[in-house]
Amino acid sequence: MKAGDHAYCEQLFRHSNLLIKNMKFKKYRIIILPVVLYGCETWSLILREENRLRVFEDRVLNRIFGLDREEVKGE
């Protein structure tokens with residue numbers, strides 16, 4: 001394998017990882033989040049439940065990207 005081929009393969013691998021993460025995030029946003037938040041308009045959340053939802057979101061984002069919510073949203 002030539003050096004140029006190796007560099008191309010590395011670039012392709014990084015690009016495919018980005019695509020996979022992008023697809024996982026879209027699945028989370030389109031499928032999982034609506035299921036988790038179904039009927040939330042009628043919920044009366046206490047602080048503990050609100051924190052549990054944040055922890056859930058942080059865990060999912062951490063699994064997808066390896067980042068915390070603050071880093072993803074820029075907070």
Side-chain angles (χ1 to χ4, degrees):
M1 185 184 259
K2 296 182 225 171
D5 293 339
H6 182 67
Y8 175 75
C9 288
E10 281 185 17
Q11 183 181 9
L12 187 63
F13 181 71
R14 279 191 223 120
H15 183 67
S16 68
N17 280 342
L18 183 60
L19 287 175
I20 290 169
K21 288 179 182 183
N22 190 23
M23 288 172 48
K24 286 181 180 181
F25 183 69
K26 283 183 181 181
K27 284 182 186 179
Y28 166 71
R29 212 175 29 148
I30 294 170
I31 298 170
I32 297 170
L33 201 55
V35 170
V36 170
L37 298 178
Y38 179 77
C40 66
E41 299 87 10
T42 61
W43 297 352
S44 57
L45 289 180
I46 58 175
L47 188 58
R48 181 176 177 212
E49 293 167 335
E50 189 177 333
N51 287 336
R52 288 176 129 183
L53 285 171
R54 283 197 181 115
V55 167
F56 171 77
E57 183 180 30
D58 287 344
R59 285 182 179 172
V60 171
L61 293 177
N62 192 23
R63 274 200 148 175
I64 294 172
F65 296 109
L67 303 171
D68 290 332
R69 184 161 66 77
E70 289 80 21
E71 294 177 58
V72 173
K73 293 185 176 179
E75 293 178 350

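Only a predicted model underlies this, so the values are computations on that prediction, with no experimental measurement involved.
Contact of the E57 side chain with the L53 side chain is not registered, since no non-hydrogen atoms from C-beta on lie closer than 4.5 Å. Contact annotation: the side chain of I32 never approaches that of V60 to less than 4.5 Å [non-hydrogen atoms, C-beta and beyond]. Residues N51 and R54 meet the side-chain proximity criterion, which asks for heavy atoms closer than 4.5 Å. The shortest side-chain heavy-atom distance between I20 and M23 does not fall under the 4.5 Å cut-off.
Residues W43 and L37 come closest through the heavy atom pair CH2-CA, 4.0 Å. Between R29 and P34, the shortest heavy-atom distance links the atoms O-CD, 3.4 Å.
Here I64 contributes atom CD1 and K21 contributes atom NZ; the two are 10.0 Å apart, rounded to the nearest 0.5 Å. Taken from CD in E49 to SG in C40, the straight-line distance is 12.5 Å, to the nearest 0.5 Å.
Cluster annotation: V55 is not connected to L45 through the hydrophobic network of ILVMFWY side chains, with a link wherever side-chain heavy atoms come within less than 4.5 Å.
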